[in-house]
Amino acid sequence: EEPQLLQQQEEEQSQSVSLQDCLKLLKGERDEQRLAGLLLVTKFCKSDDLVSLRAIYDAVGPHFLDRLLRTGLGKGVVSSGSGENRDAYLQLSVTVLSAFCRVSEIASSKEMVSKVPMIFEVMSMNRSGMPVLEECYEFLYLVSTASEDGLTALYESGGIKLLAHQMSALPDGSHLMELAMKLVQLMLKKLSQGIVENDHLSELSVIVTKIARQFALLQNALKFEALHLLSAIFSSEYSTLLHDALRVIQNENWSNHMRDGVATILQNRVAPAEKFEALILAESMVSIKGEGWLIGQINLPNVQDPIPADRCLLLVLESSRVEVAVLLNELAYSKYEASKSSSSTAEAIISKQQKVTIVFSLVEKIIKLISNIGETERHHLDENTFIKAINGLNETIGVVLEYLQDAKEHGQKVGNDLLASVRLVGSYLAEAPVACEDKITELLGYMLSVEGEHESSPFYSVCFLLPMLCQKTMKIEGCKLLASSGGYKAVVDCLMKLIEQNRNGVENNGCIFLACDTIMNLLKMEQITFSEDESTFISLLTALALWTEKTNDLSVVMMASSICTLIFDMTSENALLNHPSLSSSCLDSLSRLIARSLASWGQDMSDAAKADMDLLEIVTAGYSRWADRFPQIQKAVER
């Protein structure tokens, strides 16, 4: 130990002598002396010796450093030497500036912040193998992390544009690439605070493609840095705009790199937070490239055997299933068990609701992918994968239904998380209407009563369930379920609101006709009676009359008149006129509606309109049953 201690003391003494010599030179009157002093600095001064760096900086002063950098750029007056000398000055200047900025007080000074544009100029020289490029990146990183002014200078000097141009030439996994990614991370804050211009979106999309390559190829800590950075970008407030910019990129390699990276993260043992970040990336990629992105060739480093194209799909589905179970369990505990007065509990609920939205979106897109597999030859799943996917979806929907059951038992009907749960269940049941029948029988009425946080009555929940309801009510069991649960009232209310939106210029014909079909399926079932609830359907008559008054769309006329015809089976003209919510002018409109539909009998119909023939038969048969009870309609038809 003693010889080692003596050696250390000798080194410290030697360094002290060198530092004193260096300081004398730096304080000299001639540029040659200062240059010699700076050269000595690069020889002996260690980068972590902040005390010495501070002393050296104070000795040489910012003015000489500024002149030296300008001379290296061909603008200064330290020397009138040749271009070769200027290159040496440039290298020396950037090297010592980068070293000095390890002292945070120096890095945050206005003298260093003012040099950011000049460092950009150095970096844009594009000299092959420029030896100080790494020092340039280090200078920018140290200055931009030392103060808000430094970060602002980095951003406003065109940092995003510079990195978009340079990152493609940086070696994969290098320290340079790591620094570039850190600079991007810093500038994301500025992007979030300001208006994102189209140029920034285009440049950021290029940067995303470069980071995606690191995410796929690297198998070290920098891979996770790429994951964190990509997750932050795709979770930002401008992510939707960025999606549009990424869609127009011609090179498909980046999307393949994203799939490779996501698959690697999800199939390995990593922290839950990092798995969730991978799901954020998967959800964004499906939004950008479509559900088919989940199926594709995966190339992993050091893996020679081919990996099945459906691996990413199954990994994303399984990870999403686990996240749904965990998040909904935690959310239920936070809402129903934890202290209601805790502000941290409220924040935790909001955070979990946001996460649930992401995984629900992924599951919904997987449902869409699976449902379209049989309709296109573009993507193919073998039977084993298909069964695994269906089982995974069944388990996920089962967990969501349990969450809704828990909410029902706690008397909770309002919440965006509940509405999102109904939407997911509706998406799945639209493709598999007989799935989870016992649970659906128990929860249908409740699901039709769920409201979003800013809704005054259930509307979107009904819209989400309409595809399933339309299919279920084709059979008597489905009609009985909807009638006994009282859910038909929610469907009627939904249809009336859709009609009102349609009259105000908001078209949603898909939902309107699904609601019409559902109600018509109910009314056609003779075993179902609504004699004690005329008010619900009389209000609907008014809405149908207003919907069709000024339309020339034969499909609308036939659908509305068919529903009116079936409602008329339950009542009479006298009863309608005596009802406070239906006016005589409304009955006039309904009379004209029936007359118009019956007048279409025998008209030439296009192939698209031939489907209306079944509706016309409903109107014709109904009219023959109740015409004598509706003299006003009879007169309109005979006119």
Worksheet entry | Steps toward side-chain contact (heavy atoms from CB on, under 4.5 Å) verdict (Ser539, Val492) | CA-CA 9 Å; Ser539 299; Val492 171; over 6 Å; no

Measuring only between side-chain heavy atoms, which start at C-beta, is [X] closer than 4.5 Å to [Y]?
| X | Y | value |
| --- | --- | --- |
| Asn256 | Asn299 | no |
| Val556 | Met559 | no |
| Ile367 | Val363 | yes |

Any donor-acceptor pair under 3.5 Å from Asn521 side chain to Cys470 backbone
yes

What residue pairs, at least two apart or across chains, pass ring pair (Phe, Tyr, Trp, His ring centres under 6.0 Å) with a residue in [range]?
| range | answer |
| --- | --- |
| residues 405-435 | Tyr336-His410 |
| residues 431-469 | none |
| residues 496-516 | none |

Heavy-atom count check: over 12 atoms from other residues, nucleotides or ligands less than 6.0 Å from Lys413 NZ?
no

With sequence neighbours left out, the residues meeting side-chain hydrogen bond (donor to acceptor under 3.5 Å, both in side chains) with Ser583 are Ser585

Residues passing the side-chain hydrogen bond (donor to acceptor under 3.5 Å, both in side chains) test with Glu283, sequence neighbours excluded, are Ser287, Ser361, Lys365

Of all heavy-atom pairs between [X] and [Y], which one has the smallest distance, and what is that distance?
| X | Y | result |
| --- | --- | --- |
| Ser561 | Met558 | OG-O, 3.1 Å |
| Gln297 | Ile307 | NE2-O, 3.5 Å |
| Leu444 | Met468 | CD1-CE, 4.0 Å |

Exactly one of Tyr623, Phe537, Trp626 clears ring-ring contact (aromatic ring centres under 6.0 Å, His included) with Phe568, and that residue is Trp626

The residue among Lys335, Gln354, Lys352 that forms side chain to side chain donor-acceptor pair (under 3.5 Å) with Asp417 is Lys335

Q | Working for side-chain contact (heavy atoms from CB on, under 4.5 Å), residues Leu369 and Trp293 | A | CA-CA 10 Å; Leu369 174 65; Trp293 176 84; over 6 Å; no

Give the intermediate values and the outcome of salt bridge (charged side-chain N to carboxylate O under 4.0 Å, His left out) for residues Glu500 and Lys497.
-> CA-CA 5 Å; Glu500 182 183 355; Lys497 188 165 186 176; over 6 Å; no

| query | For Leu419 and Glu455, what are the C-alpha separation, side-chain angles and deciding distance, and is it a side-chain contact (heavy atoms from CB on, under 4.5 Å)? | reply | CA-CA 10 Å; Leu419 187 61; Glu455 286 188 287; 4.0 Å; yes

Residue set satisfying ring-ring contact (aromatic ring centres under 6.0 Å, His included) with Trp254, at least two apart, ordered chain then number -> none

